[in-house]
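All chains are named by letter (A, B, ...) in the order of the sequence lines, taking the proteins before the strands, and each is independently numbered beginning at 1.
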Number of protein chains: 2
Amino acid sequence: MSQGNTDVPAEAHTPQVCTVYDVLNRVSGKWSIGILVEATHGPVRFTELERNVKGISRRMLTLTLRNLERDGLLIRTVYPTVPPRVEYVATDMARELYRSLLELTGWAERHRAAIAAAREAYDRANDHGEPGRA
Amino acid sequence: MSQGNTDVPAEAHTPQVCTVYDVLNRVSGKWSIGILVEATHGPVRFTELERNVKGISRRMLTLTLRNLERDGLLIRTVYPTVPPRVEYVATDMARELYRSLLELTGWAERHRAAIAAAREAYDRANDHGEPGRA
DNA sequence: CTGAATCCCACTAGATACTG
DNA sequence: CAGTATCTAGTGGGATTCAG
């Protein structure tokens, strides 16, 4: 989400807004969560992530990893062994975040069907002349 | 977040992953939350949103509103009065989501400083010896 | 093995103008 | 008032390639 917009909507009349937005910015991105989950389960190596988060490209893995590390959500440890070995593990802060994310998981699970239904209904009601997308 | 990628990472080994990702997809976007917050406080009109979410363009307001409505998070009511009157209000589902979002708010507030510090440290550590770029 | 560099496209979002 | 249409720019992300 968000482009190069450094200026958040901020001064909206509710302080929470910018905060939530801020968190979402941090966690959003197609791969952040998947990686965070892996790293929360324990230290993982680059290649492991590449395999487990399946679907992610090397590039995006690297980029996401860097951002997560930069925000203090991940700890990157390099072992100067013969074949380079790097491990990533979630920080306590990230683990807490993960727990909050679980709340969202619950919500999503509880309403997954309702949302799907809402979408279908909406699309059906509008797809009359609309070129179907999604 | 998310480009034209219709195929979610999905089958990652943890079912929650795709779910959380799914929720985030729904709520992410620069304006979704702001609008959701407004609509959670009570029915709001298009123009009110345009004023309150300040910074949002007419176009983005419309688009975000549509998506939110499509997902069953917002109810759009049109009053066929002389000057068109349309009101948006959050559904119960959205209100629940909002509460979950509050969890994230808490997290963000608790770690805002730590994150800022982590970033500074990271940037400082990297901008030093990094010649040629950055 | 772990990553950085480059190319390219799709999508989000901003600005502006037009309409029932 | 409440949108819609169009045109453009910036960015996230995929693919591929190069390197320590």
Side-chain angles (χ1 to χ4, degrees), chain A residues 1-9 21 24-35 43-70 74 76-88 126 129-131 133-134, chain B residues 1-9 21 24-35 43-69 74 76-88 126 129-134:
Chain A
M1 104 204 283
S2 75
Q3 267 48 330
N5 196 330
T6 313
D7 71 315
V8 295
Y21 178 72
L24 256 358
N25 262 192
R26 201 156 287 121
V27 182
S28 86
K30 200 173 179 180
W31 311 104
S32 301
I33 296 185
I35 294 176
V44 277
R45 298 184 55 175
F46 189 89
T47 318
E48 284 186 278
L49 286 169
E50 204 172 359
R51 280 199 310 272
N52 296 147
V53 181
K54 260 157 205 162
I56 194 172
S57 64
R58 217 190 226 80
R59 173 185 144 82
M60 288 318 296
L61 179 53
T62 302
L63 288 181
T64 310
L65 242 21
R66 289 292 169 281
N67 286 325
L68 256 22
E69 186 196 353
R70 191 168 102 101
L74 245 42
R76 178 170 180 271
T77 312
V78 182
Y79 298 94
T81 56
V82 184
R85 178 196 183 82
V86 182
E87 283 190 348
Y88 295 88
N126 291 41
E130 293 292 313
R133 65 163 277 270
Chain B
M1 94 207 287
S2 78
Q3 264 48 330
N5 195 329
T6 313
D7 72 315
V8 294
Y21 178 73
L24 256 358
N25 262 192
R26 201 157 287 120
V27 181
S28 85
K30 202 172 174 179
W31 311 104
S32 301
I33 296 185
I35 294 177
V44 276
R45 300 184 55 176
F46 189 90
T47 317
E48 283 185 278
L49 287 169
E50 202 172 1
R51 280 199 310 272
N52 296 149
V53 182
K54 259 157 208 163
I56 193 172
S57 64
R58 215 189 230 86
R59 174 185 144 82
M60 288 318 296
L61 179 54
T62 302
L63 289 180
T64 310
L65 243 19
R66 289 292 169 281
N67 285 326
L68 256 21
E69 186 196 352
L74 246 40
R76 177 170 180 271
T77 312
V78 182
Y79 298 94
T81 56
V82 185
R85 180 195 182 83
V86 181
E87 283 189 348
Y88 295 88
N126 288 26
E130 289 301 320
R133 58 171 287 277

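- Applying the 4.0 Å criterion to OP1 and OP2 of D:dG3, one finds that B:R76 has a side-chain N or O inside that range.
- A search for salt bridge (charged side-chain N to carboxylate O under 4.0 Å, His left out) contacts involving A:E48 returns nothing, not counting sequence neighbours.
- Among the nucleotides D:dA2, D:dG14, D:dG20, the one closest to the side chain of B:F46 is D:dA2.
- Regarding B:L49, its CG atom lies at a distance of 9 Å from the P atom of D:dA2, rounded to whole Å.
- The shortest distance between side-chain heavy atoms of A:V78 and A:P84 does not fall below 4.5 Å.
- Atom-to-atom, CZ of A:R66 to P of C:dA5 comes out at 11 Å; the value is rounded to the nearest Å.
- Less than 4.0 Å separates DNA chain D from at least one heavy atom of each of the following residues of residues 57-64 of chain A: A:S57, A:R59, A:M60.
- The interatomic distance linking B:L65 (CG) with D:dG3 (P) rounds to 7 Å, in whole Å.
- The side chain of B:W31 sits closest to C:dG14 out of C:dG14, C:dC1, D:dA2.
- Between the CD1 atom of A:I33 and the P atom of D:dG12 there is a distance of 17 Å, given to the nearest Å.
- Here the side chain of B:K30 is nearest to one of C:dG3, C:dG14, D:dA2, namely C:dG14.
- Mapping B:R45 and A:I56 onto DNA chain D by nearest heavy atom places B:R45 at the nucleotide closer to the 5' end.
- What separates CG of A:N25 from P of C:dT12 is a distance of 15 Å, to the nearest Å.
- Residues B:L65 and B:F46 meet the side-chain proximity criterion, which asks for heavy atoms closer than 4.5 Å.
- With a 4.5 Å cut-off on side-chain heavy atoms, B:V53 and B:T64 do not count as touching.
- In this structure, B:R26 places its CZ atom 14 Å from P of C:dT12, rounding to the nearest Å.
- The CD-P distance, from A:E69 to C:dG3, rounds to 9 Å in whole Å.
- Across all strands, B:Y88 comes closer than 4.0 Å only to sugar-phosphate atoms, never to a base (heavy-atom distances).
- Between B:L24 atom CG and D:dG12 atom P there is a gap of 16 Å when expressed in whole angstrom units.
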